[in-house]
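Let me begin by presenting the structure, written as structure tokens, before commenting on it.
Keep in mind the model is a prediction, meaning the values are calculated, not measured.
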Amino acid sequence: MFDGSRRRAGLATVLLILAVLSGCGQPSSETPGQGTGEAGKLILTGSSTVAPLAQEIGQRFEVAHPGVRVDVQTGGSSRGIADARAGTATIGLVSRPLKADETDLTAHTIAFDGIGVILHATNPIDSLSDEQVRSIYRGETSRWSGVGGNDAAITVVNKAEGRSTLELFLAHYGLRSDEIQASVVIGDNEQGIKAVSTNPDAIGYVSVGAGEFAALDGVPIKLLPLGDVTPSTENIKRGVYPLSRPLNLVTKGAPDDMARQFIDFAQSTSVNDLITGLYYVPLT
């Protein structure tokens, strides 16, 4: 377990990475051909959940491979899929399993994570049933008093289209995107955590790793149990948390030599400290 100063330093690093990556969200104008924009360059685009981890792995990979540059950009898992298919990225970043219509791609899992519902730390609600979550997100329950909380309007924070966190959240709770009555629509986990931590009446859902990391560092949010299972990296590791997911590097066809080396490195125990440092679960 990390001490408080290390967690604070780690959180600052993650937030800086996300800020830099969000500024790189526009598609690259370079043509990577076999997956590289130029000799010694790897372009990775997609999931904002995977991106901070890919960025840290990339920095360590660059040290071991002088002259190689790893360019990481966000934009959501849908962008990672599209760019990997189009060849505008060497590797797509995708925080979900591949779908039945994505068999032209290959997923290389590097870690595991989950999705958890978050509230402000001062909210007296400590648990919500699946039906209560559905009712809130459909707008059927619009005040916290309707689920045993304060007499205050609920601020519903939802993910933007194209985000795998949204897709998996909808699938788990049996919701359709057009049913959601959102007060706020956000993109990445950082935005979701900020939206809830600054509003005592908000509800949202984010990466378990990102949520646990923030809560342990003193950000005023709390993760709600799913059923009777606490959303934590430990329960994801044990395989008992029901809304877990793989964090994938995705390629089209066989990756070229440099991309293959990067994938192998990202799947090795050499980066386990980076994975656990962001509160994700390593492969081993």
Side-chain angles (χ1 to χ4, degrees), residues 1-2 4 6-19 21-22 44 46-58 60 72 74 76-77 80 93-97 107 109-119 121 157 159 163-169 172 186-197 204-226 229-249 266-267 269 271-284:
M1 180 58 65
F2 303 92
R6 185 173 177 186
R7 286 200 301 270
R8 285 191 291 275
L11 181 60
T13 299
V14 173
L15 296 181
L16 177 60
I17 289 171
L18 283 169
L21 295 177
S22 63
L44 285 65
S47 165
S48 63
T49 297
V50 187
L53 176 58
Q55 180 79 6
E56 293 208 13
I57 293 172
R60 186 171 290 182
V72 179
T74 57
S77 292
L93 307 175
V94 180
S95 54
R96 59 165 174 78
T109 301
I110 61 172
F112 297 94
D113 184 33
I115 298 167
V117 172
I118 58 171
L119 303 183
V157 180
K159 285 272 191 173
R163 304 282 175 167
S164 65
T165 306
L166 168 65
E167 295 180 35
L168 296 173
F169 175 83
H172 176 80
I186 52 90
D188 59 35
N189 291 306
E190 179 193 5
Q191 293 171 341
I193 290 168
K194 182 177 180 180
V196 174
S197 66
Y205 54 93
V206 296
S207 151
V208 168
E212 188 176 17
F213 192 103
L216 286 169
D217 200 65
V219 178
I221 63 167
K222 59 184 176 183
L223 285 151
L224 297 188
L226 191 55
V229 183
T230 301
S232 67
T233 51
E234 180 59 31
N235 282 335
I236 293 168
K237 181 178 179 179
R238 291 172 54 215
V240 298
Y241 186 67
L243 192 43
S244 301
R245 59 179 172 175
L247 304 184
N248 290 320
L249 305 180
Q267 292 180 318
T269 57
V271 300
N272 278 5
D273 62 317
L274 301 179
I275 294 170
T276 57
L278 291 175
Y279 286 81
Y280 299 137
V281 176
L283 300 181
T284 58

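Counting only heavy atoms from C-beta outward, the side chains of Thr276 and Pro282 approach each other to under 4.5 Å. Residues Val208 and Leu243 fail the side-chain proximity criterion, which asks for heavy atoms closer than 4.5 Å. Proximity of Arg96 to Ser47: side-chain heavy atoms (C-beta onward) are nowhere separated by under 4.5 Å. In this structure, the side chains of Lys194 and Ile221 stay at 4.5 Å or more apart for every pair of heavy atoms. Side-chain atoms of Ile115 and His172, non-hydrogen and from C-beta on, never get closer than 4.5 Å to each other. Counting heavy atoms from C-beta on, the side chains of Thr74 and Asp188 never come closer than 4.5 Å.
Scanning for side chain to side chain contact (heavy atoms under 4.5 Å, CB included) contacts around Leu223 gives Ile118, Glu212, Pro231, with sequence neighbours left out. The side chain to side chain contact (heavy atoms under 4.5 Å, CB included) search around Pro242 returns Leu226, Val229, not counting sequence neighbours.
A side chain to side chain contact (heavy atoms under 4.5 Å, CB included) with Ile275 is found for one member of Leu53, Asp113, Leu247 and no other, namely Leu53.
We find the OH-CD1 distance between Tyr280 and Ile236 to be 10.0 Å, quoted to the nearest 0.5 Å.
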(message) Is there a side chain to side chain donor-acceptor pair (under 3.5 Å) between Asn189 and Ser48? Walk through the geometry before answering.
(response) CA-CA 7 Å; Asn189 291 306; Ser48 63; 4.6 Å; no
(request) Assess whether side-chain contact (heavy atoms from CB on, under 4.5 Å) is satisfied between Val72 and Leu93, documenting all intermediate values. (result) CA-CA 9 Å; Val72 179; Leu93 307 175; 4.0 Å; yes
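Ser95 and Ser164 form a side-chain donor-acceptor contact under 3.5 Å, judged by distance and modelled atom types alone.
By the 30° and 60° cut-offs, the orientation of the rings of Tyr279 relative to Phe213 is perpendicular.
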